[in-house]
Protein chains: 2
Amino acid sequence: MLSKKTKYGLKALAHLASLPNREPVQIAEISKQEQISQKFLESILLTLRRTGFLGSKKGKGGGYYLIKDAKDIQMTAVMRVLEGPIAMVPCVSLNFYEKCEDCPDEATCSVNKLMLKVRDANLEVYRNTTLQDLIS
Amino acid sequence: MLSKKTKYGLKALAHLASLPNREPVQIAEISKQEQISQKFLESILLTLRRTGFLGSKKGKGGGYYLIKDAKDIQMTAVMRVLEGPIAMVPCVSLNFYEKCEDCPDEATCSVNKLMLKVRDANLEVYRNTTLQDLIS
DNA sequence: GTAATCCCTACTAAATCTATAGGGTAATAT
DNA sequence: ATATTACCCTATAGATTTAGTAGGGATTAC
């Protein structure tokens, strides 16, 4: 299940990407238009700023704006930041690899086999999808 | 994240599929070999029996056994029973479709767009993978 | 200075996951 | 028959995660 955090984060990014320019947009504005709890959205946008997707401007007339072109923002990066590892088990994760305690041998593990395929399929999608592809 | 329920269920199915015949195997045996809490495994196997993957035999010499050939068991079916819907959001689910309350229009929703691709990629994997493919 | 706006930490209610407890029921070997 | 084995079923509880809420602090435009 996709978390609301990811869902809201994606919607916010798409919202910003669909604007003609990169003027700062206030949290309240996005929150209202996308029907998201303002305080929750606040923490999500903060995360997206810290991880390099957004810039922000304080004070009156401030808000958040995209730092890069929408076509240069891959879903792999967005999903990892918002949803966490793309792999469904740590033993097939590229960026967060961990051995399973209970699994004696990955090479013969049925779960590993299946989840490896799933990870590859998902990576393929996320790598080939940019923020730009989600708006239009 | 893959739930332990699914992980254990897959391991149990693979365990049964890797045996030369379809003699009943006791819960305790699977539990021990695959390092799974016996009581938890018990409830998982029960689910798999109720949903038509396993048969069981009571009394001495009893246990669980596969009802169908491993090559005839698609991962789509297994995953739906153990992990739930394959789609990450209900609005792109084939079997559990639900409209999002907060989303005015699916056709222009960025989350919908992305999750549709992800669902298709995952379905492709699960449809083309059988239990037989996981043992080798 | 003041109002607007983002920044940050801590806390909490609810849901979900991962079991565990404790028996009940059916089948089998003898 | 009876003891034994093993599956069948419900309820509950601890741990973790999710989805917020509360409350104030810092910065900027005017």
Side-chain angles (χ1 to χ4, degrees), chain A residues 1-12 16 22-32 34-67 81-85 88-90 96 100-102 111, chain B residues 1-12 16 23-32 34-67 81-85 88-90 100-102 111:
Chain A
M1 196 67 169
L2 196 75
S3 71
K4 299 244 177 182
K5 180 181 173 188
T6 303
K7 186 176 171 183
Y8 295 162
L10 281 170
K11 288 205 170 195
L16 293 175
R22 292 202 201 151
E23 297 297 306
V25 180
Q26 300 156 29
I27 296 176
E29 167 84 11
I30 304 176
S31 152
K32 190 179 162 195
E34 305 292 341
Q35 314 242 42
I36 304 171
S37 148
Q38 180 161 343
K39 273 295 195 177
F40 192 23
L41 179 60
E42 201 175 317
S43 72
I44 296 168
L45 293 179
L46 204 51
T47 301
L48 289 171
R49 185 189 62 81
R50 289 199 185 112
T51 47
F53 295 97
L54 300 179
S56 66
K57 190 183 171 192
K58 292 179 186 175
K60 189 168 189 180
Y64 284 99
Y65 51 90
L66 280 183
I67 280 185
V81 161
L82 293 174
E83 189 74 6
M88 292 181 81
V89 284
F96 303 89
C100 296
E101 315 126 9
D102 56 341
V111 175
Chain B
M1 195 67 167
L2 196 74
S3 70
K4 299 245 176 183
K5 181 182 173 187
T6 304
K7 187 175 170 185
Y8 294 162
L10 281 171
K11 287 205 170 197
L16 293 175
E23 297 296 307
V25 180
Q26 299 158 28
I27 294 176
E29 166 86 9
I30 304 175
S31 153
K32 190 179 161 194
E34 305 292 341
Q35 313 244 42
I36 305 171
S37 146
Q38 180 162 341
K39 274 295 197 179
F40 192 23
L41 179 59
E42 203 175 311
S43 73
I44 296 168
L45 293 179
L46 203 52
T47 300
L48 290 172
R49 186 188 63 81
R50 288 202 187 108
T51 47
F53 295 97
L54 299 180
S56 67
K57 189 184 171 192
K58 292 180 185 174
K60 190 168 187 180
Y64 284 98
Y65 52 89
L66 281 182
I67 280 185
V81 161
L82 292 173
E83 190 74 6
M88 291 182 81
V89 285
C100 295
E101 316 124 8
D102 57 342
V111 175

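Everything numeric here is computed off the predicted structure, so don't read it as measured data.
Neither OP1 nor OP2 of D/dA6 sits under 4.0 Å from any side-chain N or O of B/Tyr65. The side chain of B/Tyr8 places an N or O atom within less than 4.0 Å of a non-bridging phosphate oxygen (OP1 or OP2) of C/dA19. An OP1 or OP2 oxygen of D/dG20 is reached within less than 4.0 angstrom by no side-chain nitrogen or oxygen of A/Ser43. Side-chain N/O atoms of B/Ser56 include none lying less than 4.0 angstrom from OP1 or OP2 on D/dA6. Remark: A/Arg49 is not in phosphate contact with C/dC6, judged by side-chain N or O atoms under 4.0 Å from OP1 or OP2. Between B/Arg50 and D/dC8, a side-chain N or O to OP1/OP2 separation shorter than 4.0 Å is absent.
At distances below 3.5 Å, not a single donor-acceptor pair connects side-chain atoms of A/Ser56 with backbone N or O atoms of A/Gly63. Judged by distance alone, with hydrogens and angles left aside, the side-chain atoms of B/Ser31 form no donor-acceptor pair with the main-chain N or O of B/Ser37 at under 3.5 Å.
Going from atom CG of B/Leu46 over to atom P of C/dA19 covers 17 Å, rounded to whole Å. B/Leu54 has its CG atom 14 Å from the C1' atom of D/dC8, to the nearest Å. As rounded to whole Å, 12 Å separates atom P of C/dC7 from atom CG of A/Leu41. Distance B/Glu29 CD to D/dA6 C1': 14 Å, rounded to the nearest Å. Between B/Gln38 atom CD and C/dG22 atom C1' there is a gap of 14 Å when expressed in whole angstrom units. Distance, B/Gln26 CD to C/dT28 P: 14 Å, rounded to whole Å. Atom CZ of A/Phe40 is separated from atom C1' of C/dC7 by 17 Å (rounded to the nearest Å). For B/Leu45 and D/dC9, the CG to P distance is 13 Å, given to the nearest whole Å.
Among the nucleotides D/dC8, C/dT18, C/dC8, the one closest to the side chain of B/Ser3 is C/dT18. Side chain of B/Lys60, nearest nucleotide from C/dA29, C/dA19, C/dC7: C/dA29. Nearest to the side chain of A/Lys39, among C/dC6, D/dC9, D/dG23, sits D/dG23.
Of the options B/Lys4, B/Lys7, B/Lys11, B/Lys5, a side-chain contact (heavy atoms from CB on, under 4.5 Å) to B/Ile44 is made by B/Lys5 and by none of the others.
Within the nucleic acid shown, A/Ile27 comes within 4.0 Å of sugar-phosphate atoms alone, with no base atom in reach, counting heavy atoms only.
Between A/Tyr8 and A/Ile30 the shortest side-chain heavy-atom distance does not fall below 4.5 Å.
Side-chain N/O atoms of B/Glu42 and base N/O atoms of D/dC7 include no donor-acceptor pair closer than 3.5 Å.
Annotation: the span from B/Leu2 atom CG to B/Glu83 atom CD amounts to 4.5 Å, rounded to 0.5 Å.
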